[in-house]
Amino acid sequence: MKGYKKQEEKQLEVLRHSTSHILAQAVKRIFPQAKLGVGPAIKDGFYYDFDIDGELLAKNLSRIKREMEKIIQEDIPFQKEELSKGEAKRLFEERQESYKLELLKDIEDDQVSVYRGGEFVDLCRGPHVESSGKVKHFALLSTAGAYWRGKEENPMLTRIYGTSFFTKEALDSYLKWMEEAKKRDHRRLGKELEIFGIYPDLGSGLAVYHPKGAIIREVIENFEKKEHMKRGYELVRTPHISRADLWKISGHLDFYKENMYVFSVNGEDYVLKPMNCPAHIVIYKSKQRSYRDLPLRLFELGTVYRREESGVLHGLLRLRGFTQDDAHIFCMPSQVVDEVRGVLQFSLFMMNTFKLGYKINLSTRPEKSIGSDILWEMSTAALREALIRENLDFDVAAGEGAFYGPKIDIQMEDALSRLWQGPTIQVDFNLPERFDLTYIASGGEKERVVMIHRVVLGTIDRFLGVLIEHLEGKFPLWLAPLQIKLLPITDKELSYAKGVYEKLIKEDIRAELDSRGEMLSYKIREAQLQKVPYMLVIGKKEKETDTVTIRRLNGENIKGVSLRELIRMLKEEISIRN
RNA sequence: GCCGGCGUAGCUCAAAGGAAGAGCAGCUGAUUCGUAAUCAGCAGGUUGUAGGUUCAAUUCCUAUCGCCGGCUCCA
């Protein structure tokens, strides 16, 4: 079954790659001056990069699409040709495809392949579908600027994104899915549901939480604090600014400066913290530590600020100021495996609590890194062992570790199928060195402590953004900012409804009474749009029988519920966090 | 930061070189109506900001700020 699926994915990739060639052919027909970049198949489609005025391409997308349809009509076969590198070089020189020549330079084989389709030739490993006529159901989606080979110092090309499927149904359902994803956009829902806002007057990349959002955060943060304390973490608090000297020792002023807000007061330099570790280290260093104190787990909901490039900001998912659920575990080398296992269990507990999927990566030593081989090997082995002992599937991301140590990344998948950094666990032998962090071992000698950096939700802000998209704004009862809305049908039930409301409030249920003189259906519509998990319909019948009618978001009704039963139900649902 | 697009009322959007418009939200009043929009009235804008072209600019030009799509998937 798995093999079959892979096979189908491969075929789709071939189709999409072929579609990208047809796109390139169409663009060359219309704009012969355009130079070809690259045009691979990607996760949900394909793209092709062109060196041409971006405006020109963007304005002619429908014309390009029509030309593509023509090429498909012509049913031009894709013909593979094997050439020597020299021959290929001559071919692309003749065609003045300078980018292709650059690619050619980097190919080590002497033999390369090109695909020809009528007048169009492209350097390509293939494979392709037999002919352009096999491509039927495609769409051009957007244009974008993209640096040649993704590097800022290179010229910017214009990229056209598109997708292609074997059937019309598949294409339609993909386009529908894109629409659906747009509806879940946390920025849109955040505004509609009055959860958060990002306002130019305040600064870009800086979020404010409106009352509803502040409640959600409060619930998540309290939950997190309790879960940390259960697991032997100690809560700390550290200031937002600190002396620059601290960041000099940590190395951040050398390695991370362009992302930091640094300022000077009376000739003394200060840093707005981009991370919490140095401050936690100061706490560790405040007294002599014994092996008996270890592991020491310091936890803080630490708000940090990083100067991100303006173009990468994206709602709550990418901010300049955000709060991490950050902890640093100071331990002996022999404790690393167990500590990492503990963090893994904790992280997955969190993912399960919020019903999110995840993928685990073990990131190993990058090219640019510091520290001895032995330390790298030991810590990578420790992470690996922890993963294996926890019986977890993981991929190895070679060379993706931090410059000071290997890490485990757990990625959460959101509604748009984007993977976002969630929990991370990093072993660090650099900072203990730089700050000379030691403990007194059982034999009385000073030993170097090991530090583990870890976050379990990552950043609360981003996590909330992902959660909004994941849930489509329909928060489960325990998280819902407004848990229940009381809807009296007429004024005659108002005082009865008020009594119910007051009892709910007394039980710490987040309730609101809609006492306006509107029709029931209007009140229901509004509560639906606000995605309030429970509504109480209170009319003549309810008043007479001293009950309420519950209406759930999905339209389901439960009639004749006593107040006591209602409170029991709500409390039960809140406590199991369902 | 870079490429492209977009900035009109709180929100969603229309118009357009010659008096800026609608729906929803808001406010006032009426309605008391049992499961996703009751009716009427009122108010709401230096068209992001600053320059320029023009008899005339919200529309055209320049700059600036902000937002959106992308810039890792390397034949």
Side-chain angles (χ1 to χ4, degrees), chain A residues 13 17 20-21 24 36-49 51-59 61 88 92 97 99-104 106-107 109 112-115 121-126 128 141-161 182 185 187-188 191-192 194 198-201 203-205 258 307-315 397 400 419 487-494 516-530 535-542 549-553 555-557 559:
Chain A
E13 244 181 70
H17 186 182
S20 90
H21 269 228
L36 301 174
V38 296
I42 53 174
K43 189 160 171 263
D44 290 316
F46 63 86
Y47 67 77
Y48 212 109
D49 287 344
D51 187 356
I52 185 176
D53 179 33
E55 211 180 323
L56 204 60
L57 270 201
K59 291 203 169 135
L61 271 191
F92 289 108
E97 295 291 1
Y99 297 96
K100 295 292 173 191
L101 287 169
E102 208 180 312
L103 291 174
L104 210 51
D106 291 349
I107 295 176
D109 273 349
V112 299
S113 63
V114 299
Y115 274 78
V121 189
D122 198 356
L123 178 66
C124 181
R125 187 190 286 144
H128 279 287
L141 300 171
S142 60
T143 59
Y147 296 107
W148 169 238
R149 300 189 140 185
K151 294 202 175 111
E152 264 178 72
E153 60 274 15
N154 286 343
M156 176 143 304
L157 309 182
T158 302
R159 175 170 299 178
I160 297 180
Y161 282 97
K182 225 187 249 171
D185 192 314
R187 292 166 301 182
R188 174 198 173 106
K191 189 192 275 184
E192 278 172 17
E194 295 182 13
I198 294 172
Y199 303 102
D201 288 345
S204 44
E258 66 279 14
R307 232 211 79 82
E308 302 287 352
E309 287 183 337
S310 61
V312 304
L313 301 174
H314 184 93
E400 295 289 307
L419 290 172
L487 314 177
I489 294 175
T490 75
D491 285 356
K492 295 184 198 91
E493 292 88 34
L494 206 55
R516 298 171 305 170
E518 299 289 351
M519 297 190 319
L520 179 64
S521 54
Y522 183 83
K523 291 181 180 180
I524 286 178
R525 178 183 153 81
E526 220 164 66
Q528 286 284 142
L529 292 174
Q530 282 181 60
M535 289 162 237
L536 291 187
V537 177
I538 299 172
K540 201 170 153 199
K541 288 177 220 154
E542 286 77 10
T549 293
I550 299 171
R551 183 196 152 99
R552 288 213 173 91
L553 250 188
E556 192 185 316
N557 277 288
K559 290 187 181 166

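To find a chain, count down the sequence lines: A is the first, B the second, and so on, and within it residues start at 1.
- Among the atoms of the strands shown, only primed sugar atoms or phosphate atoms (P, OP1, OP2) are found under 4.0 Å from some heavy atom of A:His17.
- When all heavy atoms of A:Leu536 and A:Ile550 are compared, the closest pair comes out as CD2-CG1, 3.8 Å.
- Atom pair A:Tyr48:OH and B:C3:C1' shows a separation of 19 Å (rounding to whole Å applied).
- Contacts of A:Ala146 with the nucleic acid, taken as non-hydrogen atoms under 4.0 Å apart, involve only primed sugar atoms and P, OP1 or OP2.
- The side chain of A:Arg187 places an N or O atom within less than 4.0 Å of a non-bridging phosphate oxygen (OP1 or OP2) of B:C68.
- Between A:His17 and A:Gly39, the shortest heavy-atom distance links the atoms CD2-O, 3.4 Å.
- Side-chain proximity of A:Ser204 to the nucleotides B:C67, B:C73, B:A36 is greatest for B:C67.
- Contacts of A:Lys100 with the nucleic acid, taken as non-hydrogen atoms under 4.0 Å apart, are absent.
- Relative to the side chain of A:Tyr161, the nucleotides B:C67, B:G1, B:G70 differ in distance, and B:G70 lies closest.
- A straight line from CZ of A:Arg188 to P of B:G10 spans 19 Å, rounded to a whole angstrom.
- Rounding to whole angstrom units, CZ of residue A:Phe46 and P of B:C73 are separated by 17 Å.
- Side-chain N/O atoms of A:His314 include one lying less than 4.0 angstrom from OP1 or OP2 on B:G69.
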Would A:Glu102 and A:Arg149 satisfy side chain to side chain contact (heavy atoms under 4.5 Å, CB included), going step by step from the backbone distance to the final call? CA-CA 11 Å; A:Glu102 208 180 312; A:Arg149 300 189 140 185; 4.2 Å; yes
From CA spacing to verdict: side chain to side chain contact (heavy atoms under 4.5 Å, CB included), A:Lys559, A:Val537: CA-CA 9 Å; A:Lys559 290 187 181 166; A:Val537 177; over 6 Å; no
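- The nucleotide whose nearest atom lies closest to any side-chain atom of A:Glu152 is, among B:G69, B:G1, B:A75, B:G1.
- Among B:G1, B:U32, B:A75, the nucleotide with an atom closest to any side-chain atom of A:Lys492 is B:U32.
- Across B:G34, B:G69, B:G66, the shortest atom-to-atom separation from the side chain of A:Ser142 is found for B:G69.
- Among the heavy atoms of the strands lying under 4.0 Å from A:Leu103 are primed sugar atoms or P, OP1, OP2 only; no base atom is included.
- Across all strands, A:Arg551 comes closer than 4.0 Å to base atoms (heavy-atom distances).
- Residue-level contact check: A:Leu529 touches the bases, meaning some heavy atom is under 4.0 Å from a base atom.
- Relative ring orientation between A:Tyr115 and A:His21 is described as perpendicular, the plane-to-plane angle rising above 60° on a 0-90° scale split at 30° and 60°.
- The CD1 atom of A:Ile489 lies 9.0 Å from the CD1 atom of A:Ile538; values are rounded to the nearest 0.5 Å.
- Stem analysis of RNA chain B (at least three stacked-register Watson-Crick or G-U pairs, each with both distances under 3.5 Å) gives B:1-7 with B:65-71, B:10-13 with B:21-24, B:26-30 with B:38-42, B:48-52 with B:60-64.
- Within 4.0 Å (heavy atoms only), A:Val114 reaches no atom of the nucleic acid at all.
- Distance from the side chain of A:Lys191 is smallest for B:C11 among the nucleotides B:G69, B:C11, B:U35.
- A 4.5 Å side-chain heavy-atom check between A:Pro155 and A:Tyr147 finds every atom pair outside the cut-off.
- Separating the CZ atom in A:Arg187 from the NE2 atom in A:His314 is a distance of 4.0 Å, to the nearest 0.5 Å.
- Closest contact between the side chain of A:Thr490 and the listed nucleotides B:C33, B:G4, B:A75 involves B:C33.
- Across all strands, A:Asp122 comes closer than 4.0 Å to no nucleic acid atom at all (heavy-atom distances).
- In this structure, A:Glu153 reaches neither bases nor backbone, as no heavy-atom distance under 4.0 Å exists between it and the strands shown.
- Residue A:Val38 has its side chain nearest to B:C74 when only B:G69, B:G4, B:C74 are considered.
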Dump the pairs, protein N or O against N or O of nucleotides 38-44 of chain B, anything under 3.5 Å, distances to one decimal.
| residue | atom | partner | partner atom | Å |
| --- | --- | --- | --- | --- |
| B:U38 | O4 | A:Glu518 | OE1 | 3.2 |

